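Data block below; observations after.
In this text the structure is predicted, and so the values were computed from the model without any measurement. By convention in this document, chain letters (A, B, ...) are assigned in the order of the sequence lines, proteins followed by strands, and residues within each chain are numbered from 1.
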Amino acid sequence: MPHELPKAYEPGAIETRWADYWKDEKLFHAPTPPAGHVRNRFSLLLPPPNVTGRLHMGHMLNQTEMDIIIRWHRMRGDLTLWLPGTDHAGIATQMMVERQLRREGKSRRDLGREAFIARVWEWRRQYGGAILDQMKRLGASVDWQREYFTMDENLSHAVREVFVRLYEQKLIYRGNYIVNWCPDCGTAISDLEVKHEDVAGKLWEIRYPVVGSNEFITVATTRPETMLGDTAVAVNAKDERYTHLHGKKVVLPLLNREIPIIMDELANPEFGTGAVKVTPAHDPNDFQAGLRHNLPQIDVMDESAHMNQNAGPYAGLDRFEARKRVVADLEAQGFLVGIKDYTISLGKCDRSGTVVEPRLSEQWFVKVEPLAKRAIEVVEKGYIRFTPDNYKTIYLNWMYNIHDWCISRQLWWGHRIPAWRCSDCKEVIVARETPAKCPKCGSAKLEQDTDVLDTWFSSGLLPFTALGWPKATRDLDVFYPTSLLITGFDILFFWVARMIMLGCWFMMPPEKPTRVGEKPDSHEEALRDSVPFREVYIHALVRDAEGEKMSKVKGNVIDPIQVIEKYGTDATRFTLAAMASPGTDVAFNPSRTEGYRNFANKIWNAARFMFMNVDRIGMARAPSLASAGDRGVAGFQAATLEDRWILSRFNGVAGYVNEALEDHRFHEAANRIYDFFWGEFCDWYIELIKPRLMLEDGGDKGTAEVACANLAVLFEAALRLLHPVMPFITEEIWHAIYDGKPPLQSIALASYPQADEKQIDLKAETHMAVLQDLIVSVRNLRAELKVEPKVKTPIQVYAHETEIRAMIELNRSAIENDRQGGVESITFVESSLAKLPGARHTARFDVHLVYQQKIDVATECARLKKELEKFEKNIASAGRQLSNDAFLAKAPPNVVEGLRKQKQENEALRDKNRKKSDELGCQ
RNA sequence: GGGCGGUUAGCUCAGUUGGUUAGAGCGCCUGCCUUACAAGCAGGAGGUCGCAGGUUCGAGUCCUGCACUGCCCACCA
């Protein structure tokens with residue numbers, strides 16, 4: 001820090017300088033520890049942002065919280081690892097590059113698979129680092145040397161290994177099932193990627209003529225176009241209305257196909273007419289019914305949801321156009337019996353917003369029950385804890401009702417499924433390496449499955465694959481299970497649940513890689529240590545200042561980079577930390593950030609004040625300070641009341657902050673440091689020691705040196721306390737304190753302050769509180785009496801106790817030096833003061849401002865009256881309780897005693913107040 | 001259809017295990033260019049803690065119901 005510091009803190013240059021420094025110096029690199037015992041370790045996996053991503057407030061909240069936690073652990077001396085990386089994000093990335101191609105007038109099919117994938121890699125090389133650069137700017141103390149990409153060779157290898165093992169264990173299977181199909185993306189998607197939305201729809205009632213009779217059977221549908229694929233009509237066996245039709249057939253209108261009437265549970269007699277059309281190729285329930293009755297499956301659409309040749313005259317039409325035409329034709333031909341308004345739950349593709357089509361197709365699935373069983377067990381047993389803990393219930397409910405997971409995607413970008421089909425004998429081969437020939441018929445004509453895996457399949461493996469699995473690496477030994485996962489609730493099922501399922505499967509014997517000679521744990525120990533993380537901390541959504549969800553459509557998206565550029569990273573981080581109360585959404589209000597920018601400025605100026613005095617007094621900087629390994633404020637010499645007080649407060653705050661961080665109560669930690677630094681350290685401590693620092697007014701150099709050293713020592717410790725939340729400004733000032741020659745490379749490597757019980761001084765805190773109260777009372781009186789700022793006045797003080805009187809006498813200069821107090825002199829009197837106005841009475845002292853000025857009697861009377869009401873209310877309330885035997889019997893003695901004392905005080909104050917009113921002649 | 005949150009000052013939000021007079025930031029009002037900081041200092045106004053019951057000596061805090069509001073999950077044509 002140069003000697004001529006700007007008056008206002010300018011974060012821009014300082015922050016980028018330190019961000020570069022931290023990364024270039026590899027300060028946060030955790031090398032693989034050598035064999036043997038490791039000290040406390042703390043490892044975090046960064047939820048990998050999409051390689052296509054741009055930093056948003058959600059990322060920033062997430063990363064700020066993680067960074068606070070890991071910096072804190074690092075400073076506490078733990079062996080820390082924060083593993084960063086990016087996700088290849090199958091669909092998102094493919095779409096991004098396809099958009100780019102479209103602008104060039106090309107499609108991915110023009111390029112062909114290989115060239116397209118090469119193009120995506122090229123895209124990634126060019127732009128894929130953007131989000132990591134942004135992270136660097138946040139100050140995220142990740143281990144940049146271990147950065148991964150989910151398509152790296154070693155990770156891809158692990159993905160294949162997992163796939164093959166699951167296949168061998170019959171936990172992956174392939175088959176023709178109804179899946180959620182996005183016609184826009186041209187791929188299957190999982191249940192989770194479908195977002196349901198209630199919309200106003202219609203229920204069309206259609207009658208199908210019964211073959212060989214004049215009867216009709218009426219069915220209702222929300223999707224009339226699918227009737228073209230009907231292969232049955234179902235009625236419930238118990239439904240007597242239809243008993244006579246059992247075994248008969250109906251004619252499918254429009255296509256004039258004969259289809260059977262079947263009896264199936266699918267039909268609910270309570271709903272509509274009790275008869276339901278069955279379309280096995282376009283509805284999951286119908287599909288199941290179709291299997292039960294061996295019905296044909298007639299797919300009437302193609303992959304872009306246009307009607308195909310099975311739809312006869314409707315072939316080629318888009319599904320919604322087909323619906324209109326089908327309805328019109330049914331009506332024209334007299335088959336449409338009614339149309340009712342009906343609210344339907346419409347499934348849309350999470351990514352494209354297109355209405356999802358249930359589609360029959362051949363896909364790969366994970367049979368999840370065995371994995372889910374274990375994933376339930378570890379959470380029920382508390383081997384993984386959730387914060388806030390209501391997410392445990394949400395997680396478990398989901399896991400209890402889980403369905404098989406469709407993992408194949410009809411995309412090009414992603415981990416290709418390691419399965420091959422023999423062109424000659426149709427044998428399917430699933431293998432770790434590309435097979436040379438068919439093991440069954442020996443043919444060399446093998447074709448690899450064209451599908452890729454769901455992105456979440458590979459990211460679900462990261463806690464162990466990113467540490468070297470399937471090899472038995474030292475990293476896996478030391479850093480797995482990771483200590484904590486911090487993430488948003490939006491990926492609780494997508495990612496968190498999958499990591500637990502897969503982690504507890506592949507990091508549990510026999511899948512877990514073990515070293516030769518390693519002693520196996522008991523089953524329970526192994527299970528406990530198979531979890532991908534010990535704890536999950538779920539943070540909420542970042543909303544805008546009005547509490548609205550941010551969205552591009554609404555145009556209320558707050559770009560963190562813009563906020564950072566305006567107010568600085570530290571202030572933005574502080575905002576998020578201070579707002580991040582577990583379980584509550586963060587309403588991001590930039591006015592708040594402005595306030596914390598002001599806080600940074602406050603720190604900056606306090607530093608300027610400190611350096612000004614260091615230089616003026618002629619002290620060297622570093623030597624007065626504690627060693628880097630100090631966990632407290634060694635070197636601080638508590639010479640005065642304010643010294644003992646601030647030392648005590650510092651320790652109290654350090655204790656509180658450590659406890660808060662232990663419980664992930666970021667907001668409490670941040671707010672407490674803020675209050676301490678600004679409200680106690682700056683507002684009171686610095687003001688109180690100013691006289692000691694002044695050599696010019698005949699001050700003592702020794703005294704000044706002690707005071708100045710204390711200031712520096714305390715400042716340095718406060719910086720360490722604050723560092724996890726505001727890493728940049730603390731780093732900057734910390735280096736300046738050591739005059740550019742710090743004992744360590746970074747404050748990030750210094751020790752985190754811990755509370756020292758021996759330095760807690762409750763008596764000093766009480767005395768200081770009285771002193772503050774007295775000073776504030778004088779300021780109040782001046783404001784009330786409208787004393788001109790330049791006028792100085794004498795005060796009279798009566799202390800109720802000799803100890804307090806001695807304390808005040810000892811610290812009278814603090815009162816006299818208070819700029820807002822304007823105290824000319826202090827006189828102690830021997831009895832309670834009642835001369836009025838201009839007096840204030842408290843339990844510990846009375847103070848009277850000696851000032852002759854006409855006051856507004858009406859105003860004073862109003863104030864007295866209001867005060868009196870407050871006293872009366874307190875007295876009455878306390879009196880009620882104290883006359884209650886049950887209270888006296890059951891409440892703890894200190895509460896009773898406190899209340900009694902309070903009542904007495906209030907009574908005394910009331911009496912004085914009345915006297916005042918009388919003297920003034922108030923009504 | 002299930003489940004989970006929220007409701008505290010004009011605005012945005014805190015308020016660990018129930019305990020004496022419920023807090024912060026911003027905004028607002030008053031006075032200060034005080035030699036670290038006007039991005040500052042000092043003082044002030046402003047809340048029957050959504051409603052109704054209950055438990056308790058004592059409830060913003062625990063329980064029940066209701067209202068309003070937000071979210072998640074769900075293959076009811």
Side-chain angles (χ1 to χ4, degrees), chain A residues 5 7-9 178 180 191 196 203 219-223 234 266-268 270-272 275-279 283-288 342 344-345 347 358 388 390-391 393-394 397-398 401 403 489-490 492-493 540-541 545-547 549 567 578-579 581 583-589 591-592 594-613 659-660 663 665 667-668 671 674-675 682-683 686-687 776 779-780 782-784 786 788-789 818-821 870 873-874 877-878 881 884-892 894-896 898-903 906:
Chain A
L5 304 176
K7 262 176 89 170
Y9 177 56
I178 296 272
N180 305 295
D191 293 348
H196 289 92
L203 193 60
V219 298
T221 179
T222 56
R223 304 204 43 208
L266 179 67
N268 172 8
E270 309 294 320
F271 187 91
V276 58
K277 63 195 258 327
V278 184
T279 323
D283 182 282
N285 290 318
D286 294 10
F287 174 79
Q288 292 300 333
Y342 195 72
I344 52 173
S345 178
N390 60 303
Y391 283 103
T393 315
I394 296 174
N397 280 335
W398 186 77
N401 299 305
H403 298 309
F489 66 86
D490 51 332
L492 180 63
F493 306 135
L541 208 63
E546 278 72 47
K549 198 168 174 172
Y567 299 119
M579 304 286 296
S581 171
T584 312
D585 285 347
V586 175
F588 192 94
N589 193 336
S591 76
R592 203 75 185 230
E594 188 179 350
Y596 294 125
R597 186 273 315 261
N598 296 352
F599 178 51
N601 191 51
K602 187 77 183 177
I603 298 167
W604 184 255
N605 277 293
R608 290 178 64 220
F609 177 78
M610 169 178 59
F611 292 127
M612 187 187 88
N613 282 288
E659 278 175 34
D663 299 341
R665 301 194 310 264
H667 65 301
E668 292 187 13
N671 286 326
Y674 177 98
D675 289 341
C682 290
D683 288 351
I686 288 184
E687 292 305 324
V776 169
R779 291 175 186 167
N780 271 321
R782 285 179 69 91
E784 271 167 29
K786 298 196 179 351
E788 292 289 322
D818 178 47
R819 279 172 177 154
Q820 270 72 34
K870 198 178 82 185
K873 198 178 131 197
N874 288 339
S877 146
Q881 285 197 68
N884 183 332
D885 291 341
F887 173 74
L888 297 175
K890 292 184 181 179
N894 62 319
V895 172
V896 176
L899 195 64
R900 194 168 276 144
K901 209 166 163 186
Q902 185 205 335
K903 183 171 174 248
N906 272 290

Which listed nucleotide ([options]) is nearest to the side chain of [X]?
{"X": "A:His196", "options": "B:U16, B:C72, B:C75", "value": "B:C75"}
{"X": "A:Ala220", "options": "B:A77, B:G25, B:C37", "value": "B:A77"}
{"X": "A:Val276", "options": "B:A77, B:U12, B:A36", "value": "B:A77"}
{"X": "A:Asn285", "options": "B:C71, B:A77, B:C75", "value": "B:C75"}
{"X": "A:Trp398", "options": "B:A74, B:A77, B:G25", "value": "B:A74"}
{"X": "A:Pro789", "options": "B:G31, B:G3, B:U16", "value": "B:G31"}
{"X": "A:Ala267", "options": "B:G43, B:A77, B:G40", "value": "B:A77"}

Can you check the [X] [atom1] to [N] [atom2] distance for me, whole Å?
{"X": "A:Asn601", "N": "B:C41", "atom1": "CG", "atom2": "P", "value": "10 Å"}
{"X": "A:Phe489", "N": "B:G70", "atom1": "CZ", "atom2": "C1'", "value": "10 Å"}
{"X": "A:Ile603", "N": "B:G40", "atom1": "CD1", "atom2": "P", "value": "13 Å"}
{"X": "A:Glu687", "N": "B:A36", "atom1": "CD", "atom2": "P", "value": "8 Å"}
{"X": "A:Arg779", "N": "B:G31", "atom1": "CZ", "atom2": "C1'", "value": "14 Å"}
{"X": "A:Asn397", "N": "B:G5", "atom1": "CG", "atom2": "P", "value": "12 Å"}
{"X": "A:Arg782", "N": "B:G44", "atom1": "CZ", "atom2": "P", "value": "15 Å"}
{"X": "A:Trp604", "N": "B:A39", "atom1": "CH2", "atom2": "P", "value": "17 Å"}

### Message
What's the separation between atom NZ in A:Lys602 and atom CG in A:Asp683, rounded to the nearest 0.5 Å?
### Response
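Going from NZ on A:Lys602 over to CG on A:Asp683, the span is 5.5 Å.
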#### Entry: Euclidean distance, A:Tyr9 OH relative to A:Asn605 CG, rounded to 0.5 Å
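Interatomic distance, A:Asn605 CG to A:Tyr9 OH, rounded to 0.5 Å: 12.0 Å.
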Under 3.5 Å: donor-acceptor pair, side chain of [X], backbone of [Y]:
{"X": "A:Asp283", "Y": "A:Pro358", "result": "no"}
{"X": "A:Asp663", "Y": "A:Arg665", "result": "no"}
{"X": "A:Asn671", "Y": "A:His667", "result": "yes"}

### Query
Between A:Tyr391 and A:Phe489, what is the ring plane arrangement, given parallel below 30°, perpendicular above 60°, and tilted in between?
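The rings of A:Tyr391 and A:Phe489 lie parallel, inter-plane angle below 30°.
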Verify the contact: side-chain N or O of [X] to OP1 or OP2 of [N], cut-off strictly under 4.0 Å; return yes or no.
{"X": "A:Lys602", "N": "B:C41", "result": "yes"}
{"X": "A:His667", "N": "B:G15", "result": "yes"}
{"X": "A:Arg592", "N": "B:U12", "result": "no"}
{"X": "A:Tyr391", "N": "B:C72", "result": "no"}
{"X": "A:Asn598", "N": "B:C37", "result": "no"}

G-U wobble or Watson-Crick pairing nucleotide for [N] (cut-off 3.5 Å, both distances):
{"N": "B:G1", "value": "B:C73"}
{"N": "B:G47", "value": "none"}
{"N": "B:A24", "value": "B:U12"}
{"N": "B:A67", "value": "B:U7"}

Nearest-Å distance once atom [atom1] is located in both [N] and [M]:
{"N": "B:C51", "M": "B:G43", "atom1": "C1'", "answer": "38 Å"}
{"N": "B:U7", "M": "B:G50", "atom1": "C1'", "answer": "6 Å"}
{"N": "B:G25", "M": "B:G65", "atom1": "P", "answer": "39 Å"}
{"N": "B:U61", "M": "B:U17", "atom1": "P", "answer": "12 Å"}
{"N": "B:A45", "M": "B:C26", "atom1": "C1'", "answer": "16 Å"}
{"N": "B:G58", "M": "B:C11", "atom1": "C1'", "answer": "33 Å"}
{"N": "B:G46", "M": "B:C41", "atom1": "P", "answer": "24 Å"}
{"N": "B:U12", "M": "B:G6", "atom1": "C1'", "answer": "14 Å"}

Contact class for [X] vs. all strands (heavy atom < 4.0 Å): base, sugar-phosphate, or nothing?
{"X": "A:Phe493", "value": "sugar-phosphate"}
{"X": "A:Ile178", "value": "nothing"}
{"X": "A:Tyr567", "value": "nothing"}
{"X": "A:Asn390", "value": "sugar-phosphate"}
{"X": "A:Val219", "value": "nothing"}

Is there a side-chain contact between [X] and [Y] (heavy atoms, below 4.5 Å)?
{"X": "A:Phe599", "Y": "A:Tyr674", "result": "yes"}
{"X": "A:Val776", "Y": "A:Arg779", "result": "yes"}
{"X": "A:Phe493", "Y": "A:Ile394", "result": "yes"}

### Query
A:Asn605 or A:Met579: which one's nearest nucleotide on RNA chain B is closer to the 5' end?
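With A:Asn605 and A:Met579 compared, the 5'-side residue is A:Met579.
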### Task
Find which nucleotide of RNA chain B each of A:Ala606 and A:Asp683 is nearest to by heavy atoms, and output the residue with the more 5' nucleotide.
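The residue closer to the strand's 5' end, by nearest nucleotide, is A:Ala606.
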Under the 3.5 Å rule, do the base of [N] and the side chain of [X] count as making a donor-acceptor pair?
{"X": "A:Lys7", "N": "B:C37", "answer": "no"}
{"X": "A:Gln820", "N": "B:U34", "answer": "yes"}
{"X": "A:Arg597", "N": "B:A39", "answer": "yes"}

